[in-house]
2 protein chains.
Amino acid sequence: MKWDTLDEEPCSLSRTVAVVGDRWTLLILRECFLRVRRFEAFQSSLQITRHLLSERLKKLVRFGILRRVPYSEAPKRYEYILTQKGLDLYPIIMAMVHWGDTHMGDERGRPLLHEHKNCGKLFDPVMVCSECGEPLHPKQVHVHVGPGRPKAIAAG
Amino acid sequence: MKWDTLDEEPCSLSRTVAVVGDRWTLLILRECFLRVRRFEAFQSSLQITRHLLSERLKKLVRFGILRRVPYSEAPKRYEYILTQKGLDLYPIIMAMVHWGDTHMGDERGRPLLHEHKNCGKLFDPVMVCSECGEPLHPKQVHVHVGPGRPKAIAAG
DNA sequence: AGGCTATAGTTCTAAAATAGAACTGTCAAA
DNA sequence: TTTGACAGTTCTATTTTAGAACTATAGCCT
């Protein structure tokens, strides 16, 4: 497969995988949501090699997930801040955390608990239908070919 | 990083990344949700090398995401079916599809449309709080250290 | 001035993962 | 007896990642 053009495939999942579908990117984004912003902080908390971190941050900036914002003029230093596009990845991260909590847990319990400030309670994320508000289950969803999919590959 | 023990890290995101955090696994799972079950079908629709497909299917079976079920006795042939643990990955896939629809689209429109059989409408997936039902936003969530996280690494 | 530290990278080699193609084995149908 | 379908395995070449060392700017301390 040509990974360099995966973000142009007529499949929204492929396009998302082009951005977050590697070993490190999701872990870097987790740190972003935990308010980590600086190169050294990412590096020491993830134990990622400096080379790869540099590459991944560049890629995330290129895709518009992070902004590289100067926080010091001399010497020039930058920190990495989630854009709106990046903040919108939150449901993906939370869905993954929830699945890990549910299916990959051990006897010690959850590593992190999440409190919803609006209602003050510890919660789990639930995915619902935008139209009727009911929780979504795969067998209740029917997939239709949309306008963005070439006819030749209508299936699959 | 030791990828071979990532599924034992005290972080639910890491544990999920250990399962789905590579180039191919999520694309294979997309096919599973589109009712693809057999080796040749995965291979031809994804253009994945047979070697990698074999490896990934083994890994997904090992993690209990897929079951390898015989569908022919002579010759012995198997197909791969999502377990409940696998079906529970649906919110992750749908969150990724929705993000791709929203942020990686082109002028042609969406590749696929999703209909909720319960209400009969085309929908988007929305992530809400299990307790109050309101849509979740990252800035409204406060993270607490849970029982499964060793004290030494309480932050990060 | 000279040396130490902090921060944010870049560069290099070795190891691991992936791509691409060919090969194996079982059985049915022609 | 040959062909084709299916589900893999094996092999070499290329690409990616790991791990460590190195570069560069500037503040602070003596």
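Just the heavy atoms: all of them, side chains too, but no hydrogens, waters or symmetry mates, feed the values below. Sequence lines set the chain letters: A, B, ... in the order given, protein chains first and strands last, and positions in each chain run from 1.
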| Can you give one letter per nucleotide of nucleotides 9-19 of chain C, going 5' to 3': B for a protein heavy atom under 4.0 Å from the base, S for sugar-phosphate only, - for none? | BBB-----SSS

Between [N] atom [atom2] and [X] atom [atom1], what is the distance in whole Å?
X	N	atom1	atom2	answer
A:Gln43	D:dT17	CD	C1'	15 Å
A:Lys59	D:dT17	NZ	C1'	13 Å
B:Arg77	C:dG25	CZ	P	15 Å
B:Lys76	C:dC27	NZ	P	11 Å
A:Gln47	D:dA20	CD	C1'	14 Å

| request: Just jot down the side-chain contact (heavy atoms from CB on, under 4.5 Å) partners of A:Gln47, sequence neighbours excluded, or say none. | output: none

| For B:Tyr80, ring-ring contact (aromatic ring centres under 6.0 Å, His included) partners two or more places apart | none

| request: State which residues pass ring-ring contact (aromatic ring centres under 6.0 Å, His included) with B:His137; sequence neighbours excluded, sorted by chain then number. | output: none

| Least distance between heavy atoms, B:Val20 atom then B:Thr25 atom | CA-CG2, 3.9 Å

| field | Linked hydrophobic residues, B:Leu113 as query - side chain contacts closer than 4.5 Å | value | B:Leu122

| A:Val126: hydrophobic cluster co-members (side-chain, 4.5 Å) | A:Val128, B:Val126, B:Val128

| task | Have a look at A:Tyr71 and say if it touches a base, only the backbone sugar-phosphate, or nothing, with a 4.0 Å heavy-atom cut-off. | result | sugar-phosphate

